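This report refers to the structure that appears directly beneath it.
Values below: every heavy atom of this structure, side chains too, minus hydrogens, waters and symmetry copies. Since the model is a prediction, treat every value here as computed from it, not as a measurement. Each chain gets a letter, A, B and so on, in the order its sequence line appears, and its residues count up from 1.
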Amino acid sequence: MNYWLLKSEPDIFSWAKLVEDGQAMWDGVRNYQARNNLRSMKKGDIFFFYHSGKKSGIVGLAEVIKEYYPDPTAKEGDWSVVDVKPIRQLKRIISLNEIKQTPQLQSMVLVKNSRLSVQPVAAGEYSFILTIEE
DNA sequence: GCCAACGTTGGC
DNA sequence: GCCAACGTTGGC
């Protein structure tokens, strides 16, 4: 079991939309590093759903329900998608600002490479974030 | 809306 | 293969 963090612009695809739809195909990834991470995701892996933009932060927990397959929205190139479903919303949004100010989370990819849209999360980081959720 | 950081493209 | 120019992302 691995943990991840996937980013989305809420105007493009939001947590609310994922909950409303019940599941989704995570398409549109056009960055090789992000794509490779996407391909490493296994069925049952859990990830943080992160909203980028004005109110950037982690909003929910979701799960991979289907491993990678070709991205039907890609006109050219070798791109992939996975299918996901929501698990639950976090009790509060864990903002990027808070993550940056939390010493235990300084090694997160989010802090070091904020642009990567599909990134791994260490098990320790995952469990720590859940402890500060309350 | 600006701009820093990063990735990609293409000329040489 | 280097690197300048350009495009995109995303925080502020």
Query - OH (A:Tyr68) with more than 12 external heavy atoms under 6.0 Å - result: no

Query raised in the report: When rounded to the nearest 0.5 angstrom, what is the spacing between OH in A:Tyr126 and CE in A:Met1?
Result: 7.5 Å

Query - Gap between atom CG of A:Asp21 and atom CZ of A:Phe13 - 0.5 Å precision - result: 6.0 Å

Query raised in the report: Can you tell me how far P of C:dG10 sits from CG of A:Asp11, to the nearest Å?
Result: 13 Å

Report task. Starting from P on B:dC6, measure out to NZ on A:Lys112 and report it in whole angstrom. Result -> 12 Å

Report task. Could you state whether A:Ile46 and A:Leu18 fall into the same hydrophobic cluster, counting links through intermediate Ile, Leu, Val, Met, Phe, Trp or Tyr residues with side-chain heavy atoms under 4.5 angstrom apart? Result -> no

Query raised in the report: How long is the line joining CG of A:Leu110 and C1' of C:dC12, in whole Å?
Result: 15 Å

Query raised in the report: How long is the line joining CG of A:Leu5 and C1' of C:dT9, in whole Å?
Result: 15 Å

**Report entry** A:Phe47: which of A:Val84, A:Val121, A:Leu5 passes side chain to side chain contact (heavy atoms under 4.5 Å, CB included)
**Finding:** A:Val84

Query raised in the report: If you look at every strand shown and take non-hydrogen atoms under 4.0 Å, does A:Lys55 touch a base, only sugar-phosphate, or nothing?
Result: nothing

Query raised in the report: Touch check for A:Leu96, heavy atoms < 4.0 angstrom, all strands: base, sugar-phosphate only, or nothing?
Result: sugar-phosphate

Query raised in the report: In whole angstroms, how far is the P atom of C:dG10 from the CD1 atom of A:Ile12?
Result: 11 Å

Query raised in the report: Reckon A:Tyr50 has a side-chain N or O less than 4.0 Å from the OP1 or OP2 of C:dT9?
Result: no

Report task. Find the distance A:Arg115:CZ to B:dT8:C1' and express it as a whole number of Å. Result -> 10 Å

Report summary line: side chain to side chain donor-acceptor pair (under 3.5 Å) pairs touching residues 31-43 of chain A, sequence neighbours excluded, are A:Arg39-A:Asp78, A:Arg39-A:Ser80

Query - Residues in contact with DNA chain B, drawn from residues 27-35 of chain A - heavy-atom cutoff 4.0 Å - result: A:Asn31, A:Tyr32, A:Gln33

Query - Atom-pair distance (CG on A:Leu116; P on B:dA5), nearest Å - result: 17 Å

Query - side chain to side chain contact (heavy atoms under 4.5 Å, CB included) evaluation trace for A:Val111 with A:Leu105 - result: CA-CA 8 Å; A:Val111 175; A:Leu105 298 177; 5.6 Å; no

Report summary line: Atom NE2 of A:His51 and atom P of C:dG11 are separated, to the nearest Å, by 12 Å

Query raised in the report: OP1, OP2 of B:dG1 versus side-chain N and O of A:Lys54: anything below 4.0 Å?
Result: no

Report summary line: A:Ser117 has its side chain closest, among C:dG10, B:dC6, C:dG11, to C:dG10

